[in-house]
Each structure stands twice: as structure tokens, then as C-alpha cells.
Amino acid sequence: MWAALRHQTLSSSFSSALQQWRLGFSVLNRALYSSLADSSNSGTDRKQGLLQLDEVEKILSDVKADNVKVIPVQKHCEFTDYMVIATGRSAWHVRNIAQALIYKAAVGVLASWVKQKQQGARRMLLPSVEGQEGGNWIVIDSGTLIIHALDEKVRAYYNLENLWNTETSNNEGSQDLENAFVKVRRKNNSKKPAKKSA
Amino acid sequence: MRTNLKVVDNSGAKRVMCIQALKGKKGARLGDTIIASVKEAQPGGKVKKGAVVYGVVVRAAMQRGRCDGSEVKFDDNAVVLVNKQGEPIGTRVFGPVPHELRKKKHVKILSLAEHVA
């Protein structure tokens with residue numbers, strides 16, 4: 001459903017884009033008008049449609065996601081800057097968290113879409129979602145920010161924090177390994193000449 | 001079909017033989033999903049020998065063009081075992097994996113990988 005929305009061209013009408021979502025029409029409208037008021041006041045530096053870290057944190061606390069962790073991975077991950085991990089209490093909760101984040105991104109996109117239509121710009125990006133069918137592990141990818149919504153058991157199984165927190169130490173470990181293979185000649189401080197090995 | 005691929009996660013399988021490429025008439029390439037049969041497995045793993053599993057190709061000796069014109073190819077053919085919903089069976093992925101997986105919606109494998117090429 002989200003993929004269909006992404007591939008939809010901007011030339012399609014506003015109303016059909018709204019109908020494509022299963023979200024409540026009235027809720028969407030209310031949020032849209034409030035966000036239109038907000039976005040006109042806020043600065044336009046933010047990338048349209050992509051989620052920002054502070055928005056994500058606010059939504060996750062609204063949805064009551066447990067154990068939210070933000071890990072900056074700029075140093076050892078080339079494809080992203082921040083990883084956010086959140087736990088849901090059940091599969092339905094996990095799916096809810098994902099939907100809330102997408103909803104927020106989509107509302108932001110809609111608000112800017114109206115503005116861009118007036119300015120004539122044509123760039124619109126929605127964050128992509130994976131794992132929607134089975135509600136175990138849902139990943140929302142918005143460029144520099146990747147959000148993982150997991151079940152409690154799945155989180156213990158994959159143990160993502162361990163992986164990224166110890167990533168730097170793994171890389172440093174390999175550096176030492178390279179140094180270890182370099183042969184270092186012994187310093188000969190004695191007055192006797194160096195012994196030739198037998 | 002019949003390509004032997006190395007398994008690079010800790011799901012328990014070691015070698016796997018492709019029996020079907022899920023998309024594409026000419027075969028599966030880097031980033032595609034395949035159906036494979038486990039030919040060799042570790043004794044205490046999650047998958048056993050002879051099991052039919054899904055996998056995502058993460059390294060291929062055939063070069064794959066990138067959008068900036070460069071091509072990427074690896075020395076071996078490797079696969080990460082995945083269940084039908086696309087969730088990896090193992091918990092860690094070894095060796096480098098390419099960026100192409102992000103476009104193909106395999107961010108889960110990317111996030112478990114130890115090095116992204």
C-alpha cells in the first residue's frame with residue numbers, strides 16, 4: 001500500500017491520494033490543518049517527507065513504545081547516521097508504531113506537497129517500510145534515520161544494540177591484528193654481535 | 001538453478017544449492033531472493049540438511065551496475081537465509097554486503113551486516 005503511494009505520480013489528484021489510505025479521513029484532515037499551520041511557521045530547511053530524530057522520539061513516546069534507544073552509527077555505518085530501536089508489546093503494537101511513524105511522515109509530506117505545488121517543485125519522498133505483513137520486525141528507512149520496531153522476543157534474539165555498540169571495537173580489533181602480523185626485529189643493545197639463527 | 005552458494009549468516013547452514021530464482025527469467029542476481037536447498041549444515045544449527053529455504057543473494061561474482069556507472073562484483077557467491085516474510089533466520093551476517101540491498105528493501109540484512117560495501 002505504501003509502495004503504491006510512493007510510485008504514484010504527483011499529477012494525480014489530491015483526493016485520490018487521500019482515499020488510498022486506510023486512515024480515518026476526519027483524523028487526517030484535522031491533523032493536516034494543524035500541521036499546515038505549523039509548517040508555515042517552521043523553517044523550511046528540513047527534507048520533505050523524511051523523519052527527523054526529535055519527531056520520531058516524540059511519536060514513540062506518544063505511542064508508548066518501550067525501551068526506545070537511539071544509537072548514533074555515523075562512524076561505523078556508511079548507509080545511515082542514526083538507528084532507533086523500539087519495542088512493542090505485541091504484534092499489533094509493533095504495527096501501530098510503524099503506522100504512527102508513517103502517518104507523521106505522510107502528513108508532513110502532504111503539508112509540504114501543497115506548498116510545493118504552488119512553487120512547482122516535484123520532489124516527494126516517503127520513508128519505506130519493510131516487514132509489514134508479519135508484525136515481528138518492522139523497519140522504517142528514511143535516509144539518515146532507520147527505525148526498528150521489534151517484538152520483545154525478536155529484540156532479544158537479534159540483539160541489535162550489541163551489534164552496533166561493539167562495532168567500533170570490532171574494527172579497532174582488526175587494526176591491531178594487522179599490526180600483530182608485522183615482524184619487528186629485536187633491538188640489539190648488547191656489545192656482542194647479533195647471533196645468527198641456527 | 002543448481003548454483004552452489006555459501007551461507008554467510010549464523011543460521012547453521014554452510015552450503016546451499018539454488019533451486020529456483022523467484023524473479024527474473026534469466027536468473028537471480030545480486031539482491032534477489034531465491035529458493036534453495038540446504039546441502040551442508042552445521043550440526044546444531046537452526047536449519048538442517050535437506051531443508052528448503054528462502055535466501056537473499058548478498059554477494060555475486062557477476063558484476064552489477066550501479067547508478068553512477070560503476071560496477072560491483074565479489075569473489076564468491078553468497079546468500080543469507082531468510083524466511084518467507086523476508087526476516088533473516090540468522091542473527092549476524094559475515095563479510096561485506098553491497099548497498100544494493102537497500103533499494104531492494106532488505107534493510108534488515110544491511111543492519112545485521114558487519115561491513116557494507
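Numbers restart at 1 for each chain; the letters A, B, ... are given by sequence-line order, proteins then strands.
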inquiry  = According to salt bridge (charged side-chain N to carboxylate O under 4.0 Å, His left out), does anything in residues 23-46 of chain B pair up with another residue at least two apart or in another chain? List the pairs.
reply    = B:Asp32-B:Lys104
remark   = Exactly one of A:Val139, A:Leu160, A:Ile138 clears side-chain contact (heavy atoms from CB on, under 4.5 Å) with B:Lys108, and that residue is A:Val139
message = Ignoring hydrogens, what is the shortest heavy-atom contact between A:Trp137 and B:Pro88? Give both atom names and the distance.
response = CZ3-CD, 4.2 Å
note = In terms of heavy-atom contacts, B:Lys105 and A:Val129 come closest through NZ-O, 3.3 Å
query = Any donor and acceptor pair, going by atom type alone, linking the side chain of B:Arg102 with main-chain N or O of A:Asp141 inside 3.5 Å?
reply = no
query = Given the rule in the side chain to side chain contact (heavy atoms under 4.5 Å, CB included) test, do A:Trp164 and B:Ser111 qualify, once you have shown the distances and angles that lead to the verdict?
reply = CA-CA 9 Å; A:Trp164 296 322; B:Ser111 58; 3.6 Å; yes
Taking a hydrophobic cluster as the set of Ile, Leu, Val, Met, Phe, Trp and Tyr residues connected by side-chain heavy atoms closer than 4.5 Å, whether directly or through intermediates, do [X] and [Y] fall within one such cluster?
X        : Y        : answer
B:Ile35  : B:Met17  : yes
A:Val84  : A:Ile140 : yes
B:Leu110 : B:Val7   : no
A:Ile71  : A:Tyr157 : yes

request  = Could you tell me the separation between the CG atom of B:Leu112 and the CG atom of A:Leu163, rounded to the nearest 0.5 Å?
outcome  = 6.5 Å
message = Can you tell me how far apart OH (A:Tyr158) and CD (B:Glu87) are? Round to the nearest 0.5 Å.
response = 5.5 Å
query = Counting only heavy atoms not in A:Tyr82, do more than 12 sit closer than 6.0 Å to its OH atom?
reply = no
message = Other residues, nucleotides and ligands only: do more than 12 of their heavy atoms fall within 6.0 Å of NZ on B:Lys73?
response = no
ask   = Which is it for B:Val107 and A:Ile146 under the side chain to side chain contact (heavy atoms under 4.5 Å, CB included) test, yes or no, and what are the steps along the way?
value = CA-CA 9 Å; B:Val107 181; A:Ile146 294 190; 3.8 Å; yes
message = Using a 4.5 angstrom heavy-atom cutoff, name the option from B:Arg92, B:Gln85, B:His99 with the most pairs to chain A.
response = B:Arg92
